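A short write-up of the structure that comes next.
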Amino acid sequence: MIRRDLLKFGGGAAAGLAFTPIPWRLLGDTAMWSQNWSWMPRVPRGEVADKDARCTLCPAACAVKARCAGGVPIGLWPRESALCPAGFVAHHIAWHPIRLRTCLHRGQPAKNEDALRAASARLSGASGSVAVLDLVPGRTASLLHRHHLAKLGGTYLVPPVVEGATAAATQSLLAQPVALAAVLSDVKTVLSFSTPLLDGWAAPGRVARPNRQFRVIQAEARRSRTAGIADEWLAIRPGSETTLALAIAHCLLKQLSAPAASLDRFAEWTRAAEAMSPALAAQSTGIDPTRIEKLAAELRREPSLVLADGDPVGGPLGNELQSAAAALNVMLGLHGLKARPAIPVPKDWAGVDETPISNAADGSISLLIIDEPTPGQALPWSLIAPKLAHDALVVALTWNQPHFAAQADYLVPVPVFLEAQQDAPAPHDTPQAAFSLSPALLPAPDGVMHASDFVARLAGDEVAFADRLAERIKAIGADPKELEAGGQWIAPAAASTLAARRILPPGMTADRLLAAAQRPAEPLHVVAHGWRASATSPLLGKLWQESALRDAPRSASAHPATMRNLKVVVGRPAVLDTPSGRLPVNLSADENLQEGVLALSSGPAFTQICQSDSSGAWRVPGAKVVPA
Amino acid sequence: MHSTHLIARGACRAPLPRFLMWIAPWVALFALGAYAMFLCLSQGLFHTNMDNRYAFGLWIFLDLTVIALGAGAFFTGFLLYVLHKKELKAVINSAVVIGLTCYSGAMVVLAVDVGQPLRAWFTYYHPNVHSMLTEVTFCITCYLVVLAIEYVPMLLKNRRLKLVPSFLVFEWELHKLMVVFALIGTLLSFFHQGSLGGLFGVLRGRPFAFREGLAIWPSTFFLFVLSAMAVGPSFVALTTWMVEKLARRPLVKPEVYDTLGRISGKLLLGYVFLKTVDTLLWINQTAPDRGFAAHRFYQHSAFGTWILFAEIALFGLLPAFILFQPKLRQRRGFLILAAVMACAGVTLNRFVLTIQTMALPTLPFDRFLSYWPSWQEFAAFGAIAAYAVLVYSFSYRYLTLFPQEREIALAEERS
Amino acid sequence: MFPWVYGFEWHAGYLIFLGVFFTVAVVVVSTVMLALFRTFRDFRQGRAAQLQWASNFHDLPPQHRACRHALTGELEGRVCEQNFDCRECTMHASLLAKQSSAPACCQESEIFGMPVPLDRYYHRGHTWVQAAEDGSLLIGLDELARRVIGKPDSLTLPAPGTTLVANSPALSLSRNGSEVRILSPVDGAVTAVADPGEDWLLRVKPAGNFSPRHLLSGLEVKAWYLRELERLQLSMGLPEGAPSLADGGVLVEDVASVCPKSQWDTACGDLFLNA
Amino acid sequence: MLRATLIFTAGFLASLGAGWLALPKTLYRTEAQPLSFNHQVHTGDKGNMACEDCHSFRENGSFAGIPKLESCAGCHAEAMGETAAEKQFVANFVKPGREPQWKVYARQPDNAFFPHSPHVKAAKLKCEKCHGDHGKSTTLPLYQVNRISGYSLDVMGRPAGRWGLQRAGGMRMDDCVACHRQNGLSHSCLDCHK
Amino acid sequence: MTRTDKASPAAHYAMIIDLDRCEGCGDCVVACALENNVPPPNPKATPRTGLNWLRVFRLEAAGRDVFLPMPCMQCGEETPCQSVCPQKAVELDPATGIVGQIPERCLGCRYCMAACPYQARVFNWWDPQWPAGMEQTLNPNVSVRQRGTVEKCNFCHGRWHAAIEKAAAAGGRGPVAYTPACSEACPAQAITFGDLNNSEFAALTNKPESFRLLDSLGTGPKVFYKTASTAVRAAVTGAAKDTPHA
């Protein structure tokens, strides 16, 4: 009988329950709970205030308005001109998942002092010398590195110039030794050889449509973002940019007046140009001769500029092309190129001068210190490896953990953007040199050490970077208060007119130009392109992972015909197999590409597999695509 | 008191081991599906392959189909209690069990399909009366209660429960009032079957699915009700035939099949006619007025015009014709074939309205997208099918679903 | 949903929608409540047992619900609609009037070797009633029932003083695992219980004057017994070729021990009208 | 039959008791404030300060809410009165400069946007209208959080069975909507939700 | 809801997007995600399951790439999503004309996503997660949505709230002017935002070269597109049959 009683009691309780608030409160409160889960983040509650600041991730040094909540920056908004997508979310670097926060020795946690001790031990060692590879030259920290290296007797290495390569190449042709900047606002037409002019070059604000007063003719093998929105896209065969440049020079020679003839090495240049007639060039570039002649006439008719800068990930386009572009600029009257005055430096900071990494002697470096302060830099290890001695110690002063994790013995964390007062690298595309500071809005995590302090301590100099920065500001004569408030010191423009002394740099012969022009394209020509700022914040995944606006990293595309003879099925995972490494890619077909071209969108991964060829361009010889 | 005393006297059922053998695979499928549902509820709906374009996927399509097939419950009840078609007394219990399992299964899947099931009661507390989904939610839950109430008498007639006097008397009194529940069931089902169709007919933003109609109800509202009523009896006949095959003994008299077939045939013919009229109206007037030429809906390879022909002619007209002819209808093979085709026709109609609507682009620069459900989606619905079969198997074993079974057995014994 | 909830709109559509919902809810709930109320009322009025019997009777297959006049061939194939309660049956009343006098037949009769005394009335549930001199009634199991049940494992008799209702279970016995309930033929209160060995089981004081209108007597009993033997054979489902009673065998003394358990359970169910 | 109804009603009463008496007590978790603060002393005749002196508006119109430690430390660098609470405040918070982690009664959920300036500056509402007589309280009331939903009692839900115990004023959605309705102001979802 | 606020008349915010200026740089997409606390992509997210309140479509017209930013159109007439939401989680706000999506009321049935002709609604398929510490950089004026709810562009309604608070601080009332994140971020000023009630902004919308997408469906969208090139307009409105790729 008990069981039946229990059932009756239970029935009564259940009936009564409906008349109590228990079921209704449970319904209500569980629904409220579903909007208030403990693992959901809470929004900050402090005062929302804007603070004027400067973004110092790249030479453009855009003016930003840092919106802060309770003192923590929650967004960077444009103040004067526009920002690039990374500019909005640069404040996320401090919390980026790959951010390096503690010193690592071969993956094991260590202390900065251990790295210092190991480095100074290696310094006192006999063989080889110390070198600092500065991935972002032109900052105050760079000047300090060169100053300390003078004391240590080391060399200051800089990566090959990618953005601003044409300006650098033209610089060596000038009469007066002055830094050059390509200024787009002074030209009517820009012929760009595979340069991501409208896509990643510093501030989109300056090249966005309404401010753009110049026509863009993009000569590129791939229908890149710039090619898609340029006024005209010359779909040339891969690697045939130099041929086109020489063909244009050929036409210009016929229509050109005498003055350029007086430059030395002009004969060498004419010998190379004459050899490349438009008809001959048409076969290898795929552009019909009449278009080449019309193009040359267009360039000559109004002030125009020829650009051959590379892609931040794809690397420089080769010395021959850069010299050809520089020569064309000289023939066209150096329009759009301005002398850029240097930013004053304190007198007692004399230091060694910059040596491009390719010029360093092989096996000469026993202690290499790499300074990688901000995201967006990529350098193939194949450029560095031969320069190191067999037992070289590599210390990477970097903001992130994975890039040099495999190669560096020590990884030392450095303060990132907004964690310490830092200045922007020297601008490369504005006529006037400018100096600007990013404020310190965030507390730097402990265990973080400024890169220049590390090198200073090595050289026995105990002055902290902040004081050095103040010293420099005093030398420049700018008002520190105004700089902290997001102001910018601009050097007075140098009034000198430019005159070219020669048309080809020493050592650049006609045969090298013609050889580069006729170099047979590899069976599979890998054209890498990347997006310099993709590593700034995980939120940028909105552009390539959660939308098809930008190509996702490791996505490759080729012409359907190429896909067929690569015997690879679209959608099936595939691997880009190269002599120096394998890279998993996901393939897609794109009719706009030329045959035999594999357009690869990639971040730093490409730099692991590419090599620098004789002309300094980053190529992937002998690449094959195989199903995974 | 061992288990034979749960089975009604005179009903010979399989011995327990064989019954366990029969339910074992279904229990396994149920467990797998329950795990899939747990994954979706505890971690999130990324376990399905649905995305921002395919907001509705396999689950909504199968929900619509299962509820359309479950319409046998309300329509058989309506025919029996209101139109007094006495021979359907033989299948009413089976129809109610099918209806209950279909509806409760659909509700469970909807609870998993919804992103925040804890807030499901918001639709009651803050109803938006203009939305067809509010109407569906209200009516399906009410009708689920009515079905449960219709299931209670069967439960109370179980041999063990019958011994409790109050149960049997309550069952007797409730059975006398069953006509009230049949009427309410018909009212509720008319509205929610219709609103399930209205769900897609009102979508101004989806010209493929949008239909003009009567007052606030698009034409798909009435087409869905009619098709559900047409397919209900066929599905009841189909399930009864399957149970007879599994039980290897006749359970209902032949005229039951004939009645179900006849009614289903007549309604199916009416449905096909109205569906054709509606489609022509849609092709020539509704879609073009809204700036979408109807042929563009069928230019994508996956869903060509064959799907329209299959839905209306092959699976609509043909079964209607078979069920309409008494000669053909007598042949059990033809009747079952027609029933299967009718069910397939309604399933295809639901598929077209859910999946094809999602697949077609509305913006000129958007693309036709396809979608393939994940294993979790299949498993979750497998669990619902398994749940339905299990509930039906246990009901068939321990409750009397087919009152004529004993009578037929004795009659056969005599001959 | 309710006027005090944020977002309640006082528009026609809103009110109609909620109106329909609430009416449907009220109708469903009130119908269930009505059924519950009627159940309580039935219990209070004591009609529960009779309703239980009506519900069980409703579930019997038509073959087991043959009318008493169909047994004797007067009304061919008629199925009883009155739950075997001929007292209210109009058809029975009219047939009785036609039969002026019941022919008195011999006291003793024997069917297939089974003694069936005709001096008493028989209930379709195989119990017999005999009016004793002092006005009380004796109730016992008839011969067919005794043979089918044989020696029951347990027998539970109602204690003296419990009231019996016609056609509702009076006593129950169980044999090899399955339980059988014997229906009471009359209304009345149990006055005495027989000690074992007696051929009667209960002595009952009838409620009101006892009328045997719904019980079988005389010629009907013989026709009824023949039909019951045939029914027993059907529900036992003997395999085709086995010797059936029709070719002259005598029902074995204890059927339960012979026939397999499930068939015996079905047979008892049919015989004693336990749906 | 009687015995059955007796047991049934026993069950019925048991669940009623659980619902109306046990639930209100167990549903809310009470948390203590970091220290007991006496509003009466500050706003009464002793301190005669106005609400705005501590709970002030910033210049850009946003509301500063609970004052930070340094505005308290302005007067309380040293213990001014003799109450134990103030000594404890100065010793544990002012001296070490540790910010007290107040549990804010009026903390609206993240999805609700309540700007003070339209209500206080434009509509000229008194603080008591919503916060009740919190300004005259001598001790801080217990901070009650709903165990399931995690919202404070002052902001979400009326506790059944706690008549008389709940504080005056109204910072719940119903109170806001009622006030907006009385003053003919719009109260559509986006007005207050973010 | 009932429009009883006599004091501040309704605003009808609208947006004009100049297709000739947009070059697909993605500033607007990042700024929108930053302003509205949209979580960074889940490792398994794809363009079809991603959370983007504003998507930029890429088309080809006359051989050149054309980019089309697609926020929510804030449909004014017969708002498709509002009429289908079973529990009124979607509401055309009478004060601003913005179609509000209240995540606390949304139970994730996704019927509004099926109803929207512009597919401008996205669903939280995953639990939103931020790298450790990054939740300090969330925008206080916007709440974080839970997994299982739908979300959409609401013309940066958090900024409308901030503008209302600032106006009230100065004692003002009435419709406020503010700029949504995408309009502020665009390097080419391709996105102009304004109130249809003030005449010169409204005049911009009825210029011949400005048009609306799918206005044959009669949902009254409030985002106007503008282009001088007939080829671009044909590609966008589907007159010409280009091969679209999303």
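The shown structure was predicted, so the numbers you read here are calculated from the model rather than taken from an experiment. Here is the naming used below: chain letters follow the sequence lines, and residue numbers restart at 1 for every chain. Any value given below was found using the heavy atoms of this structure, including those in side chains, with hydrogens, waters and symmetry copies removed.
- Comparing B/T357, B/L369, B/V136, B/I60 by how many heavy-atom pairs each has under 4.5 Å with chain E, the most go to B/L369.
- A search for ring pair (Phe, Tyr, Trp, His ring centres under 6.0 Å) contacts involving E/W53 returns nothing, not counting sequence neighbours.
- Contact annotation for residues 199-211 of chain B against chain E (heavy-atom separation below 4.5 Å, listed by residue number): B/L199, B/F200, B/V202, B/L203, B/R204, B/G205, B/R206, B/P207.
- Interface remark: E/L214 contributes side-chain atoms only to the contact with chain B (heavy atom separation under 4.5 Å).
- Side chains of B/N52 and E/W125: a donor on one and an acceptor on the other come within 3.5 Å.
- Atom CZ of residue B/F122 and atom SG of residue E/C106 lie 10.0 Å apart, to the nearest 0.5 angstrom.
- Under 3.5 Å, the side chains of E/Q119 and B/T362 contain a donor-acceptor pair of N or O atoms.
- Residue contact with chain B, scored on non-hydrogen atoms closer than 4.5 Å, involves the backbone of E/C116 exclusively.
- Taking OH from B/Y125 and CZ from E/R105, the interatomic distance works out to 10.5 Å, rounded to the nearest 0.5 Å.
- The candidate with the highest count of non-hydrogen atom pairs below 4.5 Å against chain E, out of B/T137, B/D51, B/V129, is B/D51.
- For B/L41, the part sitting under 4.5 Å from any heavy atom of chain E is the backbone (N, CA, C, O) and nothing else.
- Heavy-atom distances place the side chain of B/F292, and not its backbone, under 4.5 Å from chain E.
- A distance of 12.0 Å separates NE2 of B/H130 from SG of E/C85, quoted to the nearest 0.5 Å.
- Residue B/G198 comes nearest to E/Y111 through the heavy atom pair O-OH, 4.3 Å, listed as atom of the first residue, atom of the second, then distance.
- For a residue to count as touching a neighbouring chain, one of its non-hydrogen atoms must lie under 4.5 Å from one of that chain's; by this rule B/E135 does not touch chain E.
- Using a 4.5 Å cut-off between heavy atoms, E/E104 contacts chain B through its backbone alone, with no side-chain atom that close.
- To the nearest 0.5 Å, atoms CD (B/Q116) and CG (E/L107) are separated by 8.5 Å.
- Of the atoms belonging to E/R121, it is backbone heavy atoms, and not side-chain ones, that fall under 4.5 Å from chain B.
- Residue-environment remark: CH2 (B/W217) stays at or below the threshold of 12 foreign heavy atoms within 6.0 Å.
- Residue B/T48 touches chain E through its side chain alone, counting heavy-atom pairs closer than 4.5 Å.
- Counting heavy-atom pairs closer than 4.5 Å to chain E, the top-ranked of the candidates B/V114, B/L45, B/N128 is B/N128.
- The side-chain heavy atoms of E/F123 and B/M50, taken from C-beta on, include no pair separated by under 4.5 Å.
- Each of E/T237, E/V66, E/L59 was compared with B/F365 under the side-chain contact (heavy atoms from CB on, under 4.5 Å) criterion, and only E/L59 meets it.
- Between the CZ atom of B/R119 and the OG1 atom of E/T149 there is a distance of 6.5 Å, given to the nearest 0.5 Å.
- Of the possible polar contacts, none joining the E/R110 side chain to the B/Y54 backbone as a donor-acceptor pair under 3.5 Å is found.
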